[in-house]
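Here the structure is laid out as structure tokens; the discussion comes afterwards.
We use all heavy atoms of the structure for the numbers below, so side chains are in, but hydrogens, waters and symmetry mates are not. Sequential numbering from 1 along the given sequence is applied to the chain's residues.
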Amino acid sequence: MKIHYLLCILLSFIANSQIKFEKGYIITQSGQQKDVYIKNLDWLENPDTFIYKSGENDEQKTGQLINIKEFSVPNYFKFVKYTGKIDVSSNNMNDLSYLPNPIWEERTIFLNQLTSGKLKLYQYRNKNIEQYFYSTENGEIIPLVYKKYNPGGDTYKIAENTEYIDQLVSLTGEKTRKIKYEKSYLVDFFQQYNGEKNETKNNKLDFNLSFRMGVSFNKLNVDLHSFYQDVDFSDKTGYTIGLEAELVLPFNKNKWSIIAEPTYYRYKNESVSKDGTYKFATSFDMLDLEIGLRHYMFLSDKSKIFINAGIVTNIYMTKDALMTYTSLKPGYLNGGSYYDTKSTYLNFGIGYKYKNKFSGELKVSTSKELYERGYWSAKLSRVSFILGYNIF
């Protein structure tokens with residue numbers, strides 16, 4: 001299968017994949033609460049709009065800041081409308097302000113409510129801005145002030161405005177000097193003060209480690225550049241064994257992950273040139289080191305399809321990784337050439353995972369450059385079918 005055909009298929013899967021609607025509620029601008037089904041995108045940044053349906057089979061609608069005060073999927077997230085001050089100072093280390101005070105702008109946004117109780121914590125995240133807010137029992141939402149800046153415009157120095165610590169001390173009367181302006185620290189502090197557990201899920205990085213074995217179908221293409229007559233190597237079946245580490249990213253419903261996998265395989269083949277002058281033979285053990293990106297499409301709570309793409313480099317595990325040629329007729333020389341020590345190529349895969357435990361994957365590799373010199377070159381391409389078992 002041509003690589004661009006495979007890419008078209010993979011992109012088609014992405015385009016047609018859907019995140020299911022989950023039961024939740026909205027509160028309209030007039031204060032009316034309605035039970036609805038919300039398309040939960042597990043937003044990395046705070047949304048300005050969202051998609052919902054009044055019933056499972058009803059048409060989709062768009063919730064906006066102009067007509068929604070609050071929307072939530074209980075035990076997962078809650079966003080509330082806020083109109084007030086936002087510090088638009090950049091958190092980018094290469095674009096810090098030289099002023100210690102916040103740069104306030106009046107905005108209307110959805111805030112992500114992280115805790116409940118007497119003292120509520122909210123988060124706003126968008127591009128280079130990440131800020132936290134609180135509200136007391138009277139419901140007023142107030143920014144927690146924190147800002148990094150370059151004092152006096154000196155880009156080699158970074159100072160901090162930590163007014164949020166004084167705000168928390170004033171609110172609770174507790175010492176908070178060691179609390180960082182980070183989600184996990186603030187959530188823990190607010191939960192302890194409220195004496196309650198968080199009602200929403202805090203996303204975290206998940207790690208998977210899978211043992212994988214498979215069968216590979218290899219094609220060796222050798223171009224002799226007319227130095228000898230042509231030689232054709234037959235397609236060869238081999239076996240692979242590997243260990244895949246996967247880091248599942250904590251956004252977009254855990255649909256994206258980073259993968260890294262060392263894979264061992266062995267290749268051995270031989271052929272005779274078409275004029276019968278030489279026998280060509282090759283044999284080597286190789287370790288492929290791949291790092292890539294994976295995207296999941298959920299079919300149900302137990303099963304999902306995935307696609308991935310990765311870049312691969314390889315290490316030869318045998319000193320005699322070479323192509324030899326042996327004369328079959330008198331008067332011709334014997335010899336061999338060592339393969340290049342390293343080459344880089346791409347992998348594209350599509351697969352299925354069940355109960356996050358068992359998996360099967362079809363993987364296509366672009367041509368691996370084994371050797372390239374003036375009088376001949378060799379490339380190896382491979383299609384593999386791999387079975388995996390998630391250890392943890």
Side-chain angles (χ1 to χ4, degrees), residues 9-82 108-116 120-127 183 187 197-206 208 246 248-257 293-308 350-357 359:
I9 293 173
L10 299 184
L11 290 173
S12 175
F13 269 107
I14 291 179
N16 291 300
S17 63
Q18 295 184 0
I19 296 176
K20 64 182 180 181
F21 285 77
E22 299 182 19
K23 193 171 184 179
Y25 69 85
I26 60 173
I27 298 179
T28 65
Q29 192 62 33
S30 63
Q32 182 182 8
Q33 180 169 325
K34 298 179 180 180
D35 292 333
V36 297
Y37 291 86
I38 297 174
K39 192 172 187 178
N40 182 2
L41 298 178
D42 201 13
W43 298 271
L44 180 62
E45 297 182 347
N46 292 42
D48 295 322
T49 62
F50 64 97
I51 304 298
Y52 71 96
K53 298 189 293 187
S54 298
E56 288 188 275
N57 299 319
D58 293 338
E59 64 180 27
Q60 297 182 13
K61 301 178 182 178
T62 301
Q64 305 179 53
L65 286 161
I66 194 171
N67 56 17
I68 299 294
K69 292 175 62 176
E70 181 178 313
F71 68 98
S72 172
V73 171
N75 298 321
Y76 202 93
F77 68 78
K78 179 192 290 187
F79 285 94
V80 298
K81 183 177 178 179
Y82 165 74
T108 298
I109 56 176
F110 284 124
L111 293 178
N112 184 12
Q113 183 174 322
L114 301 177
T115 67
S116 60
K120 298 180 178 65
L121 176 67
Y122 307 87
Q123 180 190 47
Y124 177 68
R125 187 174 185 178
N126 187 21
K127 296 182 180 178
K183 180 178 177 180
V187 166
K197 287 295 183 181
N198 187 13
E199 294 182 355
T200 60
K201 294 182 179 178
N202 291 317
N203 290 339
K204 62 179 182 179
L205 291 169
D206 287 330
N208 298 319
E246 179 183 25
V248 182
L249 302 178
F251 59 87
N252 196 219
K253 296 284 285 178
N254 293 40
K255 293 183 69 176
W256 294 93
S257 65
L293 189 65
R294 174 170 291 165
H295 179 72
Y296 285 103
M297 292 150 281
F298 294 92
L299 302 176
S300 68
D301 293 336
K302 294 183 179 180
S303 62
K304 51 192 174 182
I305 295 172
F306 63 84
I307 59 174
N308 41 250
I350 181 169
Y352 172 79
K353 186 171 285 191
Y354 181 66
K355 289 186 176 180
N356 208 40
K357 203 72 176 176
S359 65

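Summarising the geometry, atom CG belonging to L249 is positioned 7.5 Å from atom CG belonging to L293; distances are rounded to the nearest 0.5 Å. In this structure, CD on E246 lies 4.5 Å from NZ on K353, to the nearest 0.5 angstrom. Rounding to the nearest 0.5 Å places CD1 of I26 at 8.5 Å from CD of Q32. One finds the CD1 atom of I305 at 13.5 Å from the OG atom of S359 (value rounded to the nearest 0.5 Å). In this structure, D42 CG and K255 NZ are separated by 10.5 Å, a value rounded to the nearest 0.5 Å. Going from atom CD1 of I38 over to atom OG of S72 covers 6.5 Å, rounded to the nearest 0.5 Å.
Contact annotation: the side chain of K183 never approaches that of L121 to less than 4.5 Å [non-hydrogen atoms, C-beta and beyond]. In this structure, the side chains of M297 and I307 come closer than 4.5 Å at one or more pairs of heavy atoms.
When atom types are taken as modelled, the side chain of Q29 and the backbone of G31 share no donor-acceptor pair closer than 3.5 angstrom. At least one donor-acceptor pair under 3.5 Å links the side chain of N46 to the backbone N or O of Q123.
For G24 against P74, the heavy-atom pair with the smallest separation is CA-CD, 3.9 Å. The heavy-atom pair separating R125 from L44 by the smallest distance is CD-O, 3.5 Å. Of all non-hydrogen atoms in I68 and G63, the two that sit nearest each other are CG1-CA, 4.0 Å. What you find for T28 and K69 is that their closest heavy atoms are O-CD, 3.2 Å. The two residues L65 and I109 have their closest heavy-atom pair at CD2-C, 3.5 Å.
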Would you mind writing out the side-chain donor-acceptor pairs for residues 48-60 within the sub-3.5 Å range, not counting sequence neighbours?
{"unit_1": "K53", "atom_1": "NZ", "unit_2": "E56", "atom_2": "O", "d": "2.8"}
{"unit_1": "S54", "atom_1": "OG", "unit_2": "K61", "atom_2": "NZ", "d": "3.2"}
{"unit_1": "D58", "atom_1": "OD2", "unit_2": "G55", "atom_2": "N", "d": "2.8"}

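Among residues two or more places apart in sequence or in another chain, the side chain to side chain donor-acceptor pair (under 3.5 Å) test is passed with N112 by none. By the ring-ring contact (aromatic ring centres under 6.0 Å, His included) test, F79 is found to be paired with W43, F71, F77, residues two or more places apart in sequence or in another chain being considered. Remark: Y37 pairs with no residue by the side chain to side chain donor-acceptor pair (under 3.5 Å) rule, at least two apart or across chains. By the salt bridge (charged side-chain N to carboxylate O under 4.0 Å, His left out) test, K120 is found to be paired with no residue, residues two or more places apart in sequence or in another chain being considered. Every residue two or more places apart in sequence or in another chain was checked for a side chain to side chain donor-acceptor pair (under 3.5 Å) with Q33, and none qualifies.
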For this session: Please lay out, stage by stage, how Y25 and K78 fare under the test side chain to side chain contact (heavy atoms under 4.5 Å, CB included).
Result: CA-CA 10 Å; Y25 69 85; K78 179 192 290 187; 3.5 Å; yes

task: Take V248 and R294 through the test side chain to side chain contact (heavy atoms under 4.5 Å, CB included) and record every step on the way to the result.
output: CA-CA 9 Å; V248 182; R294 174 170 291 165; over 6 Å; no

